[in-house]
There are 2 protein chains.
Amino acid sequence: MKNFDTVSLSFCGGSHDHGRCVITAIKAAEELCHSKGVRLTDARKRILELVWDSHHPVGAYDVLSKLSQESGKTAPPTVYRALDFLLEQGLIHRIESLNAYVGCAHPAEDHAGLFLICNKCGCAAEVHDETIDQTILTKASNLGFRPEQRTLEVRGICPDCQNPQ
Amino acid sequence: MKNFDTVSLSFCGGSHDHGRCVITAIKAAEELCHSKGVRLTDARKRILELVWDSHHPVGAYDVLSKLSQESGKTAPPTVYRALDFLLEQGLIHRIESLNAYVGCAHPAEDHAGLFLICNKCGCAAEVHDETIDQTILTKASNLGFRPEQRTLEVRGICPDCQNPQ
DNA sequence: ATGTAAATGTTATAACATAACAGTAATGAA
DNA sequence: TTCATTACTGTTATGTTATAACATTTACAT
Ligand SMILES: [Zn+2]
Ligand SMILES: [Zn+2]
Ligand SMILES: [Zn+2]
Ligand SMILES: [Zn+2]
């Protein structure tokens with residue numbers, strides 16, 4: 001039973017306690033990895049934290065440069081391996097239209113997200129809608145297509161950027 | 001009034017007269033560009049033909065190498081400029097999850113496509129569904145988000161690859 | 001003919017991602 | 001504990017996708 005009804009949208013301007021987002025995400029990741037019997041190593045955890053640095057999708061090379069700053073020279077495979085792991089475990093999502101990555105707040109649920117991405121500030125909010133999921137799956141199935149993955153990204157202007165102070 | 005009800009799906013195995021697809025697409029492009037007062041130059045038309053070479057999304061560098069074969073050395077900007085033009089005019093779509101481009105069979109209609117992309121053969125079929133479009137737009141609007149563009153890509157197995165001969 | 005804007009050519013480089021192989025750390029069995 | 005096995009990480013090189021910047025040519029209107 002999914003439980004995304006009260007998803008807490010965090011657009012850029014929504015001044016929230018983001019430290020809390022990060023702590024919650026890391027805790028969830030630790031529990032999830034433990035229950036799955038996979039290893040959330042230091043490197044993976046640190047890169048997950050860097051992705052969660054904000055609600056803006058972050059490029060692999062942004063992560064790389066932050067990591068290099070704090071840990072000395074680091075090479076791309078280090079980052080991509082960790083990102084691949086995190087994607088596999090559902091701890092982050094990849095935003096295809098940005099070649100960037102963003103933390104998932106519902107890693108325990110098997111889901112495909114719908115991303116609302118602001119063209120002005122670049123923030124991305126993940127939302128869910130059973131009806132949309134279902135309608136898309138039905139449409140594909142009716143055409144004889146067997147769906148496996150799904151990418152749904154809506155670009156536009158987020159509430160905060162529509163009403164700047 | 002949109003008119004996609006009888007969309008002719010072309011998955012890979014659907015052995016159809018593809019020459020006809022290309023001719024139709026080029027003719028439509030010429031008419032559309034004329035009516036819009038933009039120039040479908042030789043280079044742009046040729047690159048549109050190369051994208052329409054099949055129903056498989058094609059990478060920019062694939063186009064580039066074909067073009068180089070027939071016209072001598074060509075540089076990336078030549079291809080990307082033409083692709084950008086064709087995207088602006090709605091003559092092709094970009095498949096974000098593949099970094100590739102595919103011809104649009106309904107360029108005159110203002111639309112966002114739903115792409116069914118086969119993980120086995122790589123073919124892509126563009127379909128449309130008013131209900132899906134509407135549901136997504138409503139969802140976004142209800143959250144205070146003002147949508148501008150949309151990417152919807154479903155990966156899976158196409159009918160032809162489910163029942164190989 | 002001539003000025004202007006649009007389109008194209010050309011060179012270089014940025015941005016994103018993976019292959020291949022060597023070394024190290026964790027884990028479990030003998 | 002030792003050893004073998006596997007998972008993880010380090011490192012170098014390279015592949016793939018995309019754009020910046022500026023020179024030249026072409027189309028078009030005056
Ligand atoms: Zn937050
Ligand atoms: Zn998610
Ligand atoms: Zn065809
Ligand atoms: Zn289309």
Side-chain angles (χ1 to χ4, degrees), chain A residues 29-30 33-34 36-51 56-89 91-102 117 122 151 153, chain B residues 29-30 33-34 36-51 56-89 91-102 117 122 151 153:
Chain A
E30 285 171 338
C33 287
H34 183 261
K36 285 192 187 178
V38 296
R39 292 173 52 207
L40 186 65
T41 61
D42 287 351
R44 290 165 173 174
K45 191 197 289 190
R46 184 66 192 121
I47 286 173
L48 179 58
E49 285 170 354
L50 290 173
V51 171
H56 291 223
V58 61
Y61 278 73
D62 294 333
V63 172
L64 181 60
S65 75
K66 287 183 196 169
L67 205 58
S68 294
Q69 278 181 306
E70 64 185 41
S71 311
K73 199 185 121 225
T74 309
T78 301
V79 172
Y80 281 103
R81 281 170 186 151
L83 292 175
D84 287 346
F85 170 85
L86 297 170
L87 284 170
E88 271 165 27
Q89 306 306 324
L91 295 167
I92 62 174
H93 293 286
R94 177 177 160 83
I95 307 296
E96 298 290 350
S97 60
L98 293 174
N99 295 330
Y101 306 82
V102 69
I117 304 158
T151 297
E153 297 168 13
Chain B
E30 284 170 339
C33 287
H34 183 261
K36 285 191 187 178
V38 297
R39 292 173 54 209
L40 187 66
T41 61
D42 287 351
R44 289 164 175 176
K45 190 196 290 189
R46 185 68 193 121
I47 287 173
L48 179 58
E49 285 168 355
L50 289 174
V51 171
H56 291 221
V58 61
Y61 278 73
D62 295 333
V63 172
L64 180 60
S65 76
K66 288 182 194 170
L67 205 58
S68 294
Q69 277 181 305
E70 65 187 38
S71 310
K73 196 185 122 227
T74 309
T78 301
V79 172
Y80 281 102
R81 282 169 185 151
L83 292 175
D84 287 345
F85 170 85
L86 297 170
L87 284 169
E88 271 166 27
Q89 306 306 323
L91 295 167
I92 62 174
H93 293 285
R94 177 176 161 83
I95 306 297
E96 299 290 350
S97 60
L98 293 174
N99 295 330
Y101 306 81
V102 68
I117 303 157
T151 297
E153 298 167 14

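Chain naming here is simple, since letters A, B, ... match the order of the sequence lines and numbering starts at 1 in each.
In this structure, NZ of A:K45 is placed 16 Å from P of D:dC8, rounded to the nearest angstrom. Counting to the nearest Å, the C1' atom of D:dG10 and the CZ atom of A:R44 are 15 Å from each other. What separates CG of A:L83 from C1' of D:dT9 is a distance of 15 Å, to the nearest Å. If you measure from atom CG of A:L40 to atom P of C:dA26, you get 14 Å, rounded to the nearest angstrom.
Proximity of a side-chain donor or acceptor of A:S65 to a complementary backbone N or O of A:V63 within less than 3.5 Å is not detected.
Between B:F85 and B:V38 there is a side-chain heavy-atom pair separated by less than 4.5 Å.
For D:dC8, neither phosphate oxygen OP1 nor OP2 lies less than 4.0 angstrom from any side-chain nitrogen or oxygen of A:T41. One finds a side-chain N or O of A:K73 lying less than 4.0 angstrom from the OP1 or OP2 phosphate oxygen of D:dT12.
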Go through B:R44 and B:Q89 one step at a time and tell me if the side-chain contact (heavy atoms from CB on, under 4.5 Å) criterion holds.
CA-CA 11 Å; B:R44 289 164 175 176; B:Q89 306 306 323; over 6 Å; no
Could you walk me through whether B:N99 and B:R94 pass the side-chain contact (heavy atoms from CB on, under 4.5 Å) check?
CA-CA 7 Å; B:N99 295 330; B:R94 177 176 161 83; 2.9 Å; yes
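Counting heavy atoms of neighbouring residues, nucleotides and ligands inside a 6.0 Å radius, atom NZ of B:K45 does not exceed 12 of them.
When each of A:F85 and A:A75 is assigned the nucleotide of DNA chain D bearing its nearest heavy atom, the one mapping closer to the 5' terminus is A:F85.
Between the side chains of B:T151 and B:E96, no donor-acceptor pair of N or O atoms lies under 3.5 Å.
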With B for base contact, S for sugar-phosphate-only contact and - for none (protein heavy atoms under 4.0 Å), nucleotides 14-30 of chain D reads ---BBBBB-----S---
